[in-house]
Amino acid sequence: MQKDASTMEKVVALCKRRGFIFPSSEIYGGIGGFWDYGPLGVEFKRNVKEAWWRDMVVGHDDTQAPAGAPTAYEMVGIDSTIVTHPQVWKASGHFDLFYDLFVDCKTCKARFRADQVKDSQCPRKPSKLPGEHGECALTDPREFNLMFKTYIGALIDPTAEAYLRPETAQGIFVNFKNVVSTSRVKVPFGIAQIGKSFRNEITPRNFTFRSREFEQMEIEFFCAPEESPAWYQYWRDRRMAWYVSLGLASDRLRLREHSPEERAHYSCGTADIEYAFPFCAEGDYGELEGVSHRSDFDLRSHMEGKLIKDGDQLVVERDASGAPKHPGSGKDLSYFDEASQRKFVPHVIEPSAGADRAALAFLCEAYDEDSIPDENGVPQERVVLHLHPRLAPVKVAVFPLVKKDGQPEVAAEIYRSLKQRWNVSYDEKGSIGKRYRRQDESGTPFCVTVDHQTAEDQTVTVRERDTTTQTRVAARELEAYIAERLRAA
RNA sequence: GCGGGAGUAGCUCAAUGGUAGAGCGCUGGCCUUCCAAGCCAGUGACGCGGGUUCGAUUCCCGUCUCUCGCUCCA
């Protein structure tokens with residue numbers, strides 16, 4: 001189906017109606033930029049994260065090179081804290097990057113970074129600086145704090161200031177030494193993490209796409225400097241293929257290589273995996289994941305202190321007295337490679353994905369309105385989520401065709417048995433067609449119905465969500481049948 | 001923060017200066033041998049504070065929240 005801004009409204013409405021996603025704190029009027037996942041949503045989002053964790057981490061084979069990879073590599077995971085030592089964000093550059101002073105002009109509604117006023121021009125009189133025009137009405141510089149601040153300990157004291165992490169990546173870098181020295185990994189290897197991050201986005205927008213509290217799925221992949229371009233290629237393509245494998249196969253998905261001007265100063269390669277969300281203007285895309293080549297920027301930052309660019313070199317930023325502006329840990333985060341008898345600071349490839357964004361893209365892609373014939377053969381519109389079975393919150397729904405003749409008892413028995421393996425729901429209310437439709441909206445790939453024939457030959461019907469076709473299957477073979485279909489998907 | 005839009009039931013909408021109706025949904029029951037539309041019953045709303053008024057959901061003011069556009073990005 002054609003998808004545009006009105007589709008987005010329908011997806012949002014469906015999410016609310018079926019219990020995927022609710023506005024946070026809604027009974028108090030909501031709170032912008034925060035969203036809660038409901039009963040179906042939590043299962044769905046867990047499936048997204050589980051698919052990522054399985055495909056990237058626990059399912060990874062350390063012993064041989066995957067297709068497209070330069071060599072075999074190892075993968076491990078961690079789970080670091082949301083609140084860290086505040087110095088982490090100073091050394092990483094986030095403190096300076098996320099903590100700006102702005103002045104606004106009340107006359108022309110423009111906003112300038114306080115440190116860039118002298119390089120800006122007044123929108124009404126471009127020959128003048130902001131504030132020089134007679135009608136300019138600049139505010140005092142005001143703090144723009146993109147990191148959530150909190151206080152460690154019960155006492156509110158400036159020395160106790162800390163921040164909620166704006167990304168999970170730094171928790172990996174600061175644990176690099178711990179992982180290397182305890183888990184026997186050798187370069188090249190990756191450390192993965194899934195977790196919440198927080199940013200005071202100035203403009204939360206577009207449903208869960210830009211939220212202030214969101215969840216990331218990040219890998220920091222450490223390799224030898226000279227191998228990094230090949231690993232960058234690998235991860236870029238590997239991550240793109242992951243989305244395709246879970247259903248984002250349409251032309252709404254794309255991989256976009258950043259131009260050199262667009263890249264961060266330390267990066268020698270960045271690509272975005274983007275999806276044309278229904279809320280995007282024609283030709284626009286929204287970012288799902290950034291895969292970037294970060295060189296040795298991060299580990300060096302945590303050794304030496306916050307780095308800035310000096311020519312084509314990265315050097316420690318210094319204050320007036322010549323001391324590092326934001327000192328690093330001083331710990332040696334370099335790696336000794338036994339094979340080559342060589343010591344180096346590993347280079348990093350970072351595939352950084354938004355779990356909520358991926359989830360939203362899967363929902364938008366899956367949303368469909370089609371029509372299927374009713375009992376009289378007249379086409380009737382239906383709403384269906386064609387979610388990949390791995391992502392579907394409920395895998396199977398079990399129904400008795402009618403609520404009598406012992407059918408509910410048989411159906412409940414099947415429900416209990418399948419439930420040991422999958423998330424299964426049972427429903428005996430209303431007409432059978434209505435129950436099918438309800439499951440279609442939830443993205444349930446299979447509906448099993450016990451009917452009159454079940455009592456005669458112990459078979460049930462299995463109805464498929466996408467085609468609505470039905471297959472008669474022996475009850476005792478049901479689990480194997482569904483397992484096979486799920487595996488084949 | 002600035003500018004625009006909007007707040008009536010879970011959702012979509014209606015009406016009214018005299019405290020609100022409907023459809024869908026949801027719940028219970030009846031009916032029903034396969035794709036949301038039968039029958040009965042039930043559930044449930046005027047964002048908030050103030051003003052005008054005998055009386056405000058309605059008019060006025062304020063406020064809050066959401067939402068759209070601008071600096072942010074997973």
Side-chain angles (χ1 to χ4, degrees), chain A residues 5 9 12-14 16-19 22-23 25-33 97-98 100 102-113 116 139 142 144 146-147 166-169 195-212 214-218 272-274 279 286-292 350-361 371-383 399-405 407 429-441 447 449-455 460-461 463 465 468-470:
Chain A
E9 288 173 24
V12 173
L14 183 145
K16 172 85 184 288
R17 182 168 74 242
R18 287 294 174 211
F22 307 125
S25 317
E26 196 183 10
I27 62 169
Y28 287 99
I31 174 167
L97 191 66
F98 279 30
D100 282 322
F102 280 88
V103 296
D104 288 310
C105 177
K106 296 194 168 181
T107 306
C108 55
K109 316 298 183 202
R111 169 169 294 163
F112 311 94
R113 275 177 57 161
Q116 290 178 357
T139 61
R142 289 180 293 185
F144 263 68
L146 267 54
M147 285 197 289
E167 63 170 36
T168 57
K196 287 285 183 75
S197 292
F198 302 81
R199 292 182 196 174
N200 266 320
E201 299 290 349
I202 300 165
T203 332
R205 203 52 59 87
N206 292 328
F207 200 30
T208 59
F209 183 78
R210 180 165 296 151
S211 301
R212 290 186 163 133
F214 59 101
E215 201 154 17
Q216 294 183 298
M217 307 185 291
E218 293 196 296
D272 283 345
I273 296 170
E274 302 179 324
F279 57 75
E287 184 180 349
L288 296 179
E289 171 161 352
V291 181
S292 82
E350 177 190 81
S352 171
D356 308 84
R357 287 186 174 186
L360 184 58
S371 78
I372 55 176
D374 65 10
E375 54 196 337
N376 302 315
V378 180
Q380 298 290 338
E381 187 172 278
R382 83 165 170 162
V383 171
F399 311 141
L401 182 58
V402 293
K403 205 164 52 174
K404 61 178 186 183
D405 301 337
Q407 291 179 13
K429 299 188 184 75
S431 73
I432 189 71
K434 197 168 197 168
R435 283 176 272 165
Y436 286 146
R437 298 298 185 84
R438 197 180 281 129
Q439 294 300 327
D440 288 341
E441 278 203 342
C447 291
T449 300
V450 169
D451 59 13
H452 68 288
Q453 193 180 326
T454 307
V460 295
T461 62
R463 179 260 197 191
R465 174 195 68 198
T468 76
T469 55
Q470 288 175 278

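This is a predicted model, so every value here is computed, not measured.
In this structure, of B/rG10, B/rA36, B/rC35, it is B/rG10 that holds the atom nearest to the side chain of A/Lys16. Nearest to the side chain of A/Gln216, among B/rC35, B/rC11, B/rA74, sits B/rA74. Listed candidates were B/rC35, B/rA74, B/rU33. Nearest to the side chain of A/Leu401 is B/rU33.
Between the base of B/rC34 and the side chain of A/Thr461 there is a donor-acceptor pair shorter than 3.5 Å. You'll find a donor-acceptor pair under 3.5 Å spanning the side chain of A/Gln470 and the base of B/rC34, going by distance alone. With hydrogens and angles left out, the side chain of A/Arg210 and the base of B/rC72 share a donor-acceptor pair within 3.5 Å. Between the side chain of A/Arg463 and the base of B/rC35, a donor-acceptor pair under 3.5 Å is found.
When heavy atoms are screened at a 4.0 angstrom cut-off, A/Glu441 is found touching base atoms of the nucleic acid. Using a 4.0 Å heavy-atom distance criterion, A/Arg199 is classed as a base contact. Counting any heavy atom pair closer than 4.0 Å across all strands shown, A/Ser352 reaches sugar-phosphate atoms only and no base atom.
Taking a pair to require two hydrogen-bonding distances under 3.5 Å in either a Watson-Crick or a G-U wobble arrangement, B/rU32 remains unpaired. Base pairing analysis places B/rG55 opposite nothing; no Watson-Crick or G-U wobble pair with both distances below 3.5 Å involves it. Nucleotide B/rG1 forms a pair with B/rC70, judged by Watson-Crick or G-U wobble geometry with both contacts under 3.5 Å. With both pairing distances under 3.5 Å, B/rA41 is matched to B/rU27 as a Watson-Crick or G-U wobble pair.
The phosphate of B/rU32 has neither OP1 nor OP2 within less than 4.0 Å of any side-chain N or O from A/Lys403.
Take the nearest nucleotide of RNA chain B for A/Arg205 and for A/Ser211: the residue whose nucleotide is more 5' is A/Arg205. When each of A/Glu215 and A/Asn206 is assigned the nucleotide of RNA chain B with its nearest heavy atom, A/Asn206 is the one assigned upstream, toward the 5' end.
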With the criterion being N/O to N/O and under 3.5 Å, what pairs connect the protein with nucleotides 22-27 of chain B, and how long is each?
from: B/rC26; atom 1: OP1; to: A/Arg438; atom 2: NE; distance (Å): 3.3
from: B/rC26; atom 1: OP1; to: A/Arg438; atom 2: NH2; distance (Å): 2.9

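Listed here is the closest heavy atom pair of A/Ala361 and A/Leu288: CB-CD2, 3.7 Å.
Side-chain contact between A/Gln407 and A/His452: present, with at least one pair of heavy atoms (C-beta onward) separated by less than 4.5 Å.
B/rC54 and B/rA20 have their P atoms separated by 22 Å, with the value rounded to a whole Å.
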